[in-house]
Amino acid sequence: MGYIEPAPIRDHENPFESMMSRFDFASEKLGLNQEIYNVLKSPVKQVIVSLAVTMDDGSIRVFEGYRIIHSNILGPSKGGIRLDPAVNIDEVKALAAWMTWKCAVVDIPFGGAKGGITCDPRAMSKGEIERLIRAYTSSMLDVFGPDKDIPAPDMGTGPQEMAWLMDEYSRAHGMTINSVVTGKPIVLGGSLGRAEATGRGVMVSAMVAMEKLKINPYNTTCAIQGFGNVGSYAATLMTQRGVKIVAISDVTGAYYNKDGIDARAAQIYRDGANGSLEGLPDAEAIAGDDLLTLDVDVLIPAAKEDVINKKNAIDIKAKLIVEGANGPTSYKADKIIREKGILVVPDILANAGGVTVSYFEWVQNRLGFKWTRDRVNRRSDRIIKDAFDRVYKTSKKYDVTMRTAAYMVAIDKVAKTYEYRGGF
Ligand code: NAD
């Protein structure tokens with residue numbers, strides 16, 4: 001099947017502006033002083049590179065690549081690399097800032113960054129992607145570093161791309177430096193538990209939120225948009241805890257079964273069908289966007305930004321939204337969702353399991369020691385639960401949404417650290 005350009009309904013809001021609006025609101029609630037506000041709102045470094053890559057047919061194509069470091073106040077910056085036709089600098093800037101707040105919410109000593117290359121990886125061969133990643137790494141040798149800026153996978157990238165990045169960086173330095181990147185294959189120093197870490201964090205957040213809402217997971221239905229890394233692991237782990245997943249989706253559309261979809265079988269089907277859910281057995285095919293407004297208890301958007309927006313927010317029936325994707329709810333939709341009384345576990349908390357285990361991977365690489373999967377899971381579950389409690393308490397104390405509370409927790413931490421460190 002050819003690549004289908006995803007086409008969610010969009011608010012036409014600039015994702016960076018959405019993020020900034022939330023940042024502004026939370027800063028105001030915190031009473032942040034204007035000077036610190038100015039420091040925290042600006043990315044510290046923005047790098048744009050042109051990557052000339054020889055394609056399999058011998059032609060040379062030029063791709064645009066970005067790396068934005070939003071903040072390195074808490075430590076080396078951390079953030080994934082996204083390969084997608086829609087990648088643009090505003091999106092990467094928004095994602096970089098999200099990483100700053102995400103690391104701060106879960107209290108790990110990293111700043112925030114993000115990278116991206118505007119390209120269509122589904123229309124490229126493995127060799128073409130390898131050359132693209134190596135070209136990108138080579139252009140970013142002075143940006144990346146285990147103590148400076150540590151990339152990771154995001155949409156369109158995975159362990160193989162991280163292995164090429166580590167190899168290219170290591171060759172340039174004449175020695176193996178595996179702590180420059182996380183999300184590597186296990187044999188190269190990847191952490192056990194990293195592949196499922198983000199989906200696991202989504203599941204843990206969902207479980208704690210259900211407890212607060214007094215919802216019994218065994219009587220709960222859930223729809224998940226996006227069946228990639230985050231969505232598919234969230235689906236299997238939620239199923240294991242009794243939740244009935246009635247709908248899942250990917251770029252090919254949504255698949256519904258009121259009696260429940262076997263998430264593990266769907267993962268196996270997808271892996272055997274070149275990553276696509278098209279033709280999933282034992283499920284009815286429905287329009288992709290209809291998944292978001294199904295009559296379910298829990299909705300997990302785990303694909304793209306701005307999919308819940310002012311056009312469809314009013315029709316959402318879920319009691320709980322757990323944001324697996326970054327920025328799936330537009331700023332304009334926030335108000336509608338709040339008025340409907342839906343609890344939202346915001347992206348910077350709900351999907352922070354990935355960066356938490358990335359941090360564990362970096363720690364293990366630097367220790368030269370490997371933790372068991374059990375230890376990784378236990379420690380990351382604890383971190384997500386503690387972060388959830390901090391944010392929940394803040395939301396009650398200030399009578400704000402979990403999203404505003406998460407920003408307040410994060411901004412407060414970065415601002416206090418900046419005040420101690422000082423500037424020029
Ligand atoms: P992925 O590439 O593995 O999967 C993305 C999935 O979304 C695929 O199934 C794709 O077909 C589907 N999709 C794309 N557009 C869609 C649409 N319009 N409707 C329905 N499905 C659609 O990516 P991923 O790693 O799972 O990341 C998903 C989201 O989670 C992104 O927003 C990413 O930034 C965020 N995230 C990922 C991680 C991580 O560790 N992978 C960590 C934090 C946040």
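Counting starts at 1 for both ligands and their atoms, following the listed order. One-based numbering along the sequence shown.
- Using a 4.0 Å cut-off between heavy atoms, Q225 contacts ligand 1 through its side chain alone, with no backbone atom that close.
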Do E128 and R122 pass the salt bridge (Lys or Arg N to Asp or Glu O under 4.0 Å) test, and can you show the C-alpha distance, the side-chain angles, and the key distance before you say yes or no? CA-CA 11 Å; E128 288 168 343; R122 287 167 187 247; over 6 Å; no
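- Rounding to the nearest 0.5 Å places NZ of K114 at 4.0 Å from CG of D154.
- Annotation: G228 places an N or O atom under 3.5 Å from an N or O atom of ligand 1; distance criterion only.
- At least one side-chain heavy atom of F360 sits less than 4.5 Å from a side-chain heavy atom of S380.
- For ligand 1, the polar-atom distance check against F227 finds a nitrogen or oxygen pair separated by under 3.5 Å.
- Here's the thing with V230: one of its N/O atoms is less than 3.5 angstrom from an N/O atom of ligand 1.
- Under 4.0 Å from ligand 1, the heavy atoms of A302 that appear belong solely to its backbone.
- Looking at L95 next to ligand 1, no N or O pair under 3.5 Å apart turns up.
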Please step through salt bridge (Lys or Arg N to Asp or Glu O under 4.0 Å) for the pair K304 and D84, ending with a clear verdict. CA-CA 11 Å; K304 306 259 310 173; D84 190 81; 3.7 Å; yes
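- For Y269 (side chain) and E278 (main-chain N/O), a donor-acceptor pair under 3.5 Å exists by modelled atom type.
- Geometrically, ligand 1 and T198 share a nitrogen or oxygen pair separated by less than 3.5 Å.
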Starting from the C-alpha separation in whole Å, work towards a yes-or-no answer on salt bridge (Lys or Arg N to Asp or Glu O under 4.0 Å) for R82 and E91. CA-CA 10 Å; R82 176 173 288 204; E91 179 180 76; 3.5 Å; yes
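- Considering backbone and side-chain atoms alike, N326 places an N or O below 3.5 Å from some N or O of ligand 1.
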Walk me through whether R382 and D386 qualify under salt bridge (Lys or Arg N to Asp or Glu O under 4.0 Å). CA-CA 6 Å; R382 186 73 267 147; D386 288 350; 3.1 Å; yes
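- Close contacts between ligand 1 and A303 involve ligand atoms 7 (O), 13 (N), 16 (C), 21 (N), 22 (C), 28 (C), 29 (C), 31 (C), 32 (O) [criterion: under 4.0 Å to a heavy atom].
- With W98 as the aromatic partner, R22 does not meet the cation-pi criteria of under 6.0 angstrom to the ring centre and within 45 degrees of the ring axis.
- Using a non-hydrogen distance threshold of 4.0 Å, R82 registers as a contact of ligand 1.
- Not a single heavy atom of G288 sits closer than 4.0 Å to an atom of ligand 1.
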Could you go step by step and tell me if S50 and E64 meet the side-chain hydrogen bond (donor to acceptor under 3.5 Å, both in side chains) rule? CA-CA 5 Å; S50 295; E64 193 153 276; 4.8 Å; no
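- In this structure, N351 contributes its side chain and V202 its backbone to no donor-acceptor pair below 3.5 Å.
- Ligand 1 lies nowhere less than 4.0 angstrom from a heavy atom belonging to E196.
- Near A325, with a cut-off below 4.0 Å to any heavy atom, the atoms of ligand 1 are 29 (C), 30 (O), 32 (O), 35 (C).
- Nearest to atom 30 (O) of ligand 1 by heavy atom, out of S232, A152, G324, is G324.
- For an aromatic pair to be called close, the ring centres must be under 6.0 Å apart, and Y359 with F110 satisfies this.
- Remark: ligand 1 atoms within the under-4.0 Å shell around heavy atoms of R194 are 40 (O).
- Residue D154 has at least one heavy-atom neighbour below 4.0 Å for each of these atoms of ligand 1: 33 (C), 34 (O).
- Relative ring orientation between F23 and W101 is described as parallel, the plane-to-plane angle staying below 30° on a 0-90° scale split at 30° and 60°.
- Contact annotation: for E323 versus ligand 1, there are no heavy atoms closer than 4.0 Å.
- Between K102 and ligand 1, no N or O atom pair is found at a separation short of 3.5 Å.
- By heavy-atom distance, the residue among G226, G253, A197, G275 lying nearest atom 12 (C) of ligand 1 is G226.
- The heavy atom nearest to atom 25 (O) of ligand 1, out of those in L292, I248, N229, T252, is found in N229.
- Proximity to G156 (heavy-atom distance under 4.0 Å) selects the following atoms of ligand 1: 2 (O).
- Residue nearest to atom 23 (O) of ligand 1, selected from M155, K114, E305: M155 (by heavy-atom distance).
- Checking V322, V230, I245 one by one against I224, the side chain to side chain contact (heavy atoms under 4.5 Å, CB included) holds for a single residue, I245.
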